[in-house]
Amino acid sequence: MGEPETALQPVLQKRSGKPRGRFRKHLWGYLFLLPAVIIFILFLWVPIAKGALYSFYSIDFVNGNTFVGVDNYARVFQDPDVWTAVKNTLYYMLLTVIIGFWVPIVASIAISELRYFQGFARIAAYLPFVVPGVVLYGMWRWMYDPVGPINGLLITFGADPVSFISDSRWSMIAIVFMETWQQFGSAMLIYLAGVLSIPKDWYEAAEIDGAGVWNRIRYITLPSMRTLIALMFILQVISTSQAYQSQLALLDGGPNNATLTYALLIVKYAFTRLDYGTATAMGMLMFAVLSLVGIIQYKLNKGDDGA
Amino acid sequence: MSKPYERGILSDADLQKPWNKVVYGFMVLCIVVMIVTMLYPILMTAFNGLKTNQEVNTFPPRFLPQTWNWSNFKEGWAYIQLPMFLKNTLYVFVGNLVMTIFVLGLASFSISRLKVPFHRGIYFFILMTLFIPASSYMIPNFVNLKDLGLLNTFWAFWLPAGANAYFFLLMKNFFDGIHPEIFEAARIDGASEMNSYIRIAVPLSIPIFATLAIFIFSNAWNDWFWPSLVLHSESKYTLATAIYKYVINARSMDNNIKFTILFMVMVPPILVFLVFQRFIMRSVSLAAVKG
């Protein structure tokens with residue numbers, strides 16, 4: 001961050017030579033920042049502060065709010081639905097790792113080795129990502145239909161048809177599979193940029209030293225992607241722990257609460273039970289847990305570097 | 001594909017070995033299966049929209065329509081007031097874009113170039129918000145908009161659009177990359193800060209504005225949940241919200257018309273993507289590396 005203005009000092013002196021020149025000089029700089037600062041306070045920091053405050057209040061839009069102490073938090077811990085939701089969220093996060101996390105990594109390495117039609121494969125993999133959410137839900141409801149194409153395929157191979165949506169053993173898996181279909185392309189592009197940036201002479205050298213293809217992937221490609229994979233993993237954990245939209249749109253948390261995630265329960269507390277205070281308290285608890293995870297991860301990382 | 005293929009993990013010599021050939025062939029097969037899996041639901045949506053309702057419901061499903069019913073489009077277009085919802089979506093998109101360029105553009109320019117005292121403090125004040133998970137303050141955010149009296153107006157989208165730390169960071173990084181000499185020269189020639197933003201920074205920033213425009217467009221086009229909370233009169237619904245309420249959750253609706261509407265909603269983002277694909281793919285990896 002070198003100060004580029006040194007060459008300009010005489011000019012600046014001339015423009016702001018008065019005693020209050022220092023303020024004058026920066027007037028425009030502050031004016032440029034002003035709208036952003038106001039907007040950030042009004043639409044981010046105020047809601048965040050209100051979140052901390054409202055979690056101790058009973059919110060009533062008509063009669064005004066009343067202070068209720070820790071009642072909201074007590075309600076959260078007593079509600080059996082909350083524990084179901086926490087369990088479902090953890091199960092969902094686990095499934096996204098098992099079903100979804102490795103796919104873009106493998107796909108990016110495979111596509112980087114394509115000699116023809118690499119561009120086409122990239123576009124095809126990314127295309128579902130631009131399909132709007134509402135279209136995705138309509139499309140996959142039909143795909144998963146008892147008389148839809150997936151069951152058609154299962155029957156062709158002699159398997160029993162599965163009602164993916166209404167069977168509580170399959171519903172979460174169905175959602176994770178649908179989301180993987182939609183989202184892996186964008187992660188794949190990020191990994192692909194990483195794979196393609198590995199210098200080609202490394203492979204050349206390894207090959208001359210007699211390393212087989214698998215060893216080259218094992219000892220060159222994957223280690224080079226290590227930081228990226230770790231980063232993507234953390235991002236995925238943060239975003240999947242807050243997931244609710246597909247669960248809401250496709251199944252409304254059902255069947256039998258099998259897809260009721262924690263964030264979906266927040267939404268339900270607020271907009272079906274109209275209990276904004278408890279919903280806010282749940283949000284604060286989520287914030288606390290995620291911050292804790294973040295701090296532990298940061299500490300571990302620091303320990304890693306020190307070792 | 002005229003330029004010669006640069007080697008990757010595999011060299012030409014590797015591909016001469018029979019075992020490698022088998023594995024490579026299997027890999028290509030997997031990629032083909034993947035591509036088919038990716039394209040099948042999208043093409044199915046398109047073709048189902050052209051079938052008769054009876055044909056959509058047959059089992060097992062057929063890929064191509066037996067008769068091409070183009071009149072489905074006319075029916076789908078009239079089923080809900082698509083033009084009105086489209087107009088609302090474009091309002092949200094344009095307003096958000098203007099706010100982003102105005103509020104965040106000026107702020108990131110100031111942080112990046114003008115370096116006022118305490119600019120680092122303001123920088124962290126903005127970036128801190130990136131680390132707070134969005135769903136943890138979703139409900140207070142809604143209550144806050146209600147307190148401000150912004151519910152059921154487009155201002156509930158336009159104003160908060162200026163509070164996006166991620167877009168701020170993208171623009172700030174971009175401005176950091178512009179050579180400071182250009183601005184020095186402008187200052188020597190007597191340009192004010194406003195002038196050097198509008199006449200130098202903005203024209204140079206077309207690429208980053210275009211990237212943001214694509215992000216903001218896809219957000220305005222895709223987001224169905226938040227607008228369904230914030231807006232409650234039908235005449236204000238955005239396209240995605242209207243589709244969610246009236247098409248996805250429709251109880252009695254012909255499946256073929258449903259798919260026709262879904263297809264119509266899916267086409268504009270896909271077209272935008274195909275037209276700008278080189279540009280978009282580059283910014284996806286760029287945003288990842290920098291963010």
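Proteins come first, then strands; the chains are lettered A, B, ... in the order of their sequence lines, and each starts at number 1.
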Atom pair [atom1] ([X]) and [atom2] ([Y]), whose distance is rounded to the nearest 0.5 Å:
X: Asn141(B); Y: Leu44(A); atom1: CG; atom2: CG; answer: 7.0 Å
X: Asn222(B); Y: Phe129(A); atom1: CG; atom2: CZ; answer: 9.0 Å
X: Ile39(A); Y: Leu104(B); atom1: CD1; atom2: CG; answer: 9.0 Å
X: Leu148(B); Y: Leu42(A); atom1: CG; atom2: CG; answer: 5.5 Å
X: His26(A); Y: Ser110(B); atom1: NE2; atom2: OG; answer: 10.0 Å
X: Phe43(A); Y: Leu145(B); atom1: CZ; atom2: CG; answer: 6.5 Å

Heavy-atom distance under 4.5 Å to chain A: side chain of [X], backbone, both or neither?
X: Val247(B); value: neither
X: Phe273(B); value: side chain
X: Ile31(B); value: side chain
X: Ala165(B); value: both
X: Met27(B); value: side chain
X: Ile261(B); value: neither
X: Met99(B); value: side chain
X: Leu271(B); value: neither
X: Leu159(B); value: both
X: Thr45(B); value: side chain
X: Asn164(B); value: backbone
X: Ile126(B); value: both
X: Leu150(B); value: side chain

Would you call the rings of Tyr276(A) and Phe142(B) parallel, tilted or perpendicular, where under 30° means parallel and over 60° means perpendicular?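 Parallel, since the angle between the ring planes stays under 30°.
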Can you say whether the rings of Phe109(B) and Phe32(A) are parallel (under 30°), tilted (30 to 60°) or perpendicular (over 60°)?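 Rings of Phe109(B) and Phe32(A): tilted, 30 to 60°.
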Would you say CZ of Phe63(B) has more than 12 non-hydrogen atoms from neighbouring residues, nucleotides or ligands within 6.0 angstrom?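 Yes.
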Other residues, nucleotides, ligands: >12 heavy atoms within 6.0 Å of Phe177(A) CZ: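 At most 12 heavy atoms, drawn from other residues, nucleotides or ligands, come within 6.0 Å of this atom.
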Could you check which of [options] has the highest count of heavy-atom pairs closer than 4.5 Å to chain A?
options: Asn48(B), Val272(B), Val265(B); answer: Asn48(B)
options: Phe118(B), Phe125(B), Tyr137(B); answer: Phe125(B)
options: Met128(B), Glu181(B), Lys146(B), Met138(B); answer: Lys146(B)

Which bit of [X] comes within less than 4.5 Å of chain B, counting heavy atoms only: side chain, backbone, both or neither?
X: Arg141(A); answer: side chain
X: Phe271(A); answer: side chain
X: Tyr244(A); answer: side chain
X: Ile238(A); answer: neither
X: Gln182(A); answer: neither
X: Gln242(A); answer: both
X: Ile111(A); answer: both
X: Val213(A); answer: both
X: Phe120(A); answer: side chain
X: Met139(A); answer: both
X: Phe184(A); answer: side chain
X: Tyr54(A); answer: side chain
X: Trp202(A); answer: neither
X: Leu235(A); answer: neither

Within a strict 4.5 Å, meaning less than it, do heavy atoms of the [X] and [Y] side chains meet?
X: Val143(B); Y: Phe61(A); value: yes
X: Tyr40(B); Y: Met143(A); value: yes
X: Val135(A); Y: Phe263(B); value: no
X: Tyr126(A); Y: Gln277(B); value: no
X: Ile217(A); Y: Ile9(B); value: yes
X: Lys50(A); Y: Ile139(B); value: no
X: Pro41(B); Y: Trp140(A); value: yes
X: Tyr137(A); Y: Ile243(B); value: no

For residues [X] and [Y], report the shortest heavy-atom separation together with the two atoms involved.
X: Val103(B); Y: Pro35(A); value: CG1-C, 3.9 Å
X: Ala125(A); Y: Met34(B); value: CB-CE, 3.9 Å
X: Ala124(A); Y: Ile35(B); value: CB-CG2, 3.8 Å

Please confirm whether the backbone N or O of [Y] pairs with a side-chain atom of [X], one donor and one acceptor, at under 3.5 Å?
X: Tyr24(B); Y: Glu113(A); result: yes
X: Asp223(B); Y: Gly133(A); result: no
X: Trp45(A); Y: Thr129(B); result: no

Residue selection (most heavy-atom pairs with chain B, distance under 4.5 Å) from Ala36(A), Ala279(A), Gly194(A), Pro132(A):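 Among the listed options, the one with the most contacts to chain B is Pro132(A).
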Evaluate the criterion side chain to side chain contact (heavy atoms under 4.5 Å, CB included) for residue pair Trp142(A) and Val56(B); output intermediate values, then yes/no. CA-CA 10 Å; Trp142(A) 181 76; Val56(B) 176; 4.1 Å; yes
May I ask you to check whether Tyr197(B) and Trp28(A) place their ring centers less than 6.0 Å from one another?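 No - the distance between ring centres of Tyr197(B) and Trp28(A) does not fall below the 6.0 Å cut-off.
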For Lys245(B), what residues pass the salt bridge (Lys or Arg N to Asp or Glu O under 4.0 Å) criterion, not counting sequence neighbours?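 Scan of Lys245(B) (salt bridge (Lys or Arg N to Asp or Glu O under 4.0 Å), adjacent residues dropped) gives none.
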